[in-house]
Amino acid sequence: PGGSSGGTGASIACNMGIIGLGTDTINSVRSPSSANSLVGIRPTIGLVSRSGIVPYSLTQDTAGPICRTVEDAVRCLDVIAGYDPDDAETAWSVGQQPASYLDSLNVDGMKGKRIGVLESLFGKEEINASTNAVMKEAMKVFTENGAELIPVTDQIDQPWLTSETSVHLDDFKDHLNLYLKDLPPEWPVHSMADILEKGLFH
């Protein structure tokens, strides 16, 4: 089902609800959305409050809707976006939002658009063939609706980028500690050191 919000994606796909929320540090709104034929929106950091979300990397963490249609996802974004005094980053969104993101929906919105296709991210092994075939069919929707697909042939080593350059690798300990230290006094842990010392990991 994809990503760490895969349960949300699977639940929306099998009609257990109409709106889901995912948290996305690297790909956890977009991955389950794509894997379950859904719509996911990863908001710009500061648009949606992260208050109450256990942080992985405050540099990258955000939350967004996972829904069956673009309209449902946009309606959800209208509700969850905005200033929250419990997340100072949301101050950046004040005065920057439209009255409604629904006003940006346009049935002819693909006409004249140029969309880059990162060809190096398509798997080259036999196991990737069925997914690639589905993607090629899906991309026809763009051209059939007036967009131009631009092949991007740069060789992007995505696994290396994820493992070596993602800032979450440097953020995690400090940002999780900030969250844990503010938990109620009766909670058993208030730092990553507590978790390690008590063996509360696997």
What's the shortest heavy-atom distance between V39 and T69, and which atoms? CG2-C, 3.6 Å
If you define the side chain from C-beta out and look only at heavy atoms, does anything of I19 sit under 4.5 Å from C76? yes
Check whether any side-chain heavy atom of D61 lies under 4.5 Å from a side-chain heavy atom of I53, and answer yes or no. no
Can you give me the closest heavy-atom contact between R42 and V29, atom names plus distance? N-CG1, 4.4 Å
Can you check whether I41 reaches I66 side chain to side chain, under 4.5 Å on heavy atoms? no
Is there a side-chain contact between L105 and V74 (heavy atoms, below 4.5 Å)? yes
D72 side chain near P65 side chain, heavy-atom distance below 4.5 Å: no
Across all chains, not counting sequence neighbours, the ring pair (Phe, Tyr, Trp, His ring centres under 6.0 Å) partners of H168 are Y56
Side chains of P32 and P1 in contact at under 4.5 Å (non-hydrogen atoms): no
CD (E125) with more than 12 external heavy atoms under 6.0 Å: no
Considering only heavy atoms from C-beta outward, does the side chain of L58 approach that of D171 to under 4.5 Å? no
Got a salt bridge between R50 and D87, using NZ or NE/NH1/NH2 to carboxylate O under 4.0 Å? yes
So, do V152 and V117 sit near enough that their side-chain heavy atoms are less than 4.5 Å apart? no
I need the full list of ring pair (Phe, Tyr, Trp, His ring centres under 6.0 Å) pairs touching residues 91-122, with sequence neighbours left out, sorted by first then second residue. none
